[in-house]
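Each chain gets a letter, A, B and so on, in the order its sequence line appears, and its residues count up from 1. Below, each value reflects all heavy atoms present in this structure, side chains not excepted, and no hydrogens, waters or symmetry copies.
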2 protein chains.
Amino acid sequence: MEPSTKDRILSSWQDSLHRHGFRVTRPRQQVMEIITSSTTALTPQEIYQKSLEEEKFPGIASIYRTLEMLEKLGLIQQIHQPGGCHGIWPTFEGHNHYLICRDCGQMKVIEGNEDITGYISRIEDQTGYRVDDHWLQFFGTCSDCLD
Amino acid sequence: MEPSTKDRILSSWQDSLHRHGFRVTRPRQQVMEIITSSTTALTPQEIYQKSLEEEKFPGIASIYRTLEMLEKLGLIQQIHQPGGCHGIWPTFEGHNHYLICRDCGQMKVIEGNEDITGYISRIEDQTGYRVDDHWLQFFGTCSDCLD
DNA sequence: TCCTTATTGATAATAATTATCATTATCAGT
DNA sequence: ACTGATAATGATAATTATTATCAATAAGGA
């Protein structure tokens with residue numbers, strides 16, 4: 001049976017932990033499982049709440065420690081959302097743009113290969129800034145919530 | 001003498017408070033003054049710290065209350081920043097994009113009249129989402145920090 | 001299986017935000 | 001300008017979120 005996208009991510013994350021000398025512990029696995037299973041960006045507290053549904057769950061401190069580690073490894077990032085603050089979301093290759101449903105929070109990642117270099121050049125000329133990165137997020141309603 | 005941009009903003013903010021039945025008090029004036037004078041997006045705590053430099057300063061609770069009011073009136077918004085969370089920034093007419101210096105935090109507002117509607121249409125077709133808003137922020141180095 | 005030590009859980013400490021309530025000050029109506 | 005109704009404040013308690021501490025535990029190489 002083909003490994004699912006989620007399984008491939010989880011497996012690559014475990015490899016990354018090993019490569020960097022981090023142990024793959026039960027609490028860490030639980031946090032990674034929750035993050036990669038979610039269709040919405042979750043806050044640390046939301047991740048903790050979800051973990052409570054399991055038989056054995058991590059302490060809140062381990063949630064924060066795991067998130068800190070995953071972020072340092074570049075495996076997750078904070079996505080900023082309207083009317084609140086950031087939720088955790090996996091990092092993918094290349095530059096990405098994000099699409100968020102206002103109703104259900106469902107997130108979609110879009111490969112950010114759209115050409116806005118012309119726009120960036122004009123901004124640099126106008127302002128004297130040197131631009132090296134950008135965030136582009138779209139908000140709207142997903143097909144499920146449109147019904 | 002011509003009123004400065006800042007004075008015009010402050011005056012329109014005071015009008016807005018009056019129109020909505022809010023009183024223009026000293027603590028509120030101090031908070032509005034600090035926000036409109038800043039070249040960087042400030043957190044509530046940073047605004048409080050700046051207010052402490054004045055002879056008479058607001059209690060921390062009034063800072064939060066004022067920010068809540070200004071946000072409800074649509075006069076300010078939260079700008080999300082890399083490696084931290086949001087800072088407060090005035091809202092301007094129309095759709096805007098933001099340019100933030102990583103070094104000094106200096107912000108520039110760009111009229112977001114650049115045409116990305118084609119991009120949005122393609123995203124809607126690909127994903128089935130209906131997109132009604134977007135955030136676009138650029139990060140880089142301002143001309144002062146480039147020297 | 002054993003041993004080293006990274007990691008955990010429990011909890012204390014810190015920081016940020018919100019709620020409470022008696023006192024103060026804005027401003028509409030004289 | 002004065003006055004009164006009450007919105008707003010300041011002080012602080014309560015709540016919530018995050019970080020630090022440290023003895024006990026468990027991952028994973030030998």
Quick test of your reading of the model: are A:Glu68 and A:Lys72 salt-bridged, counting only N-O distances below 4.0 Å? yes
Per-nucleotide protein contact string for nucleotides 24-30 of chain D (B base, S sugar-phosphate only, - none; heavy atom under 4.0 Å): --BBS--
Please work out if A:Arg28 contacts a base, only the sugar-phosphate, or nothing of the nucleic acid, heavy-atom cut-off 4.0 Å. sugar-phosphate
Can you measure [X] atom [atom1] to [N] atom [atom2] for me and round it to whole angstrom units?
X: B:Met32; N: D:dA8; atom1: CE; atom2: P; value: 12 Å
X: A:Arg65; N: D:dA17; atom1: CZ; atom2: C1'; value: 16 Å
X: B:Lys72; N: D:dA8; atom1: NZ; atom2: P; value: 12 Å
X: B:Ile63; N: D:dT12; atom1: CD1; atom2: P; value: 17 Å
X: B:Glu54; N: D:dG10; atom1: CD; atom2: P; value: 12 Å
X: A:Ile60; N: C:dT7; atom1: CD1; atom2: C1'; value: 16 Å
X: A:Phe57; N: C:dG9; atom1: CZ; atom2: C1'; value: 11 Å
X: B:Glu68; N: D:dA7; atom1: CD; atom2: P; value: 16 Å

Quick one: sort the B:His95 and B:His134 rings into parallel, tilted or perpendicular, breaks at 30° and 60°. tilted
Aromatic plane relationship, B:Phe138 with A:Tyr119 - under 30° parallel, 30 to 60° tilted, over 60° perpendicular: perpendicular
Looking at A:Glu71, I'd like to know if its CD atom is crowded, meaning that more than 12 non-hydrogen atoms belonging to other residues, nucleotides or ligands lie closer than 6.0 Å. yes
Any chance the rings of A:Trp135 and B:His80 have centres within less than 6.0 Å? no
Which residue in the set B:Met107, B:Lys108, B:Gln106 passes side chain to side chain contact (heavy atoms under 4.5 Å, CB included) when paired with B:Ile100? B:Met107
Checking the side chain of B:Ser38 only, and the main-chain atoms of B:Ile34 only, is there a donor and an acceptor separated by less than 3.5 Å? no
Test side chain to side chain contact (heavy atoms under 4.5 Å, CB included) on B:His97 and A:Ile123 and set out the steps. CA-CA 11 Å; B:His97 295 159; A:Ile123 286 170; over 6 Å; no
Using a distance-only test with no angle check, is there a side-chain donor-acceptor pair under 3.5 angstrom linking A:Ser62 and A:Arg65? yes
Sorted by number, residues from residues 44-53 of chain B placing a heavy atom under 4.0 Å from DNA chain D are none
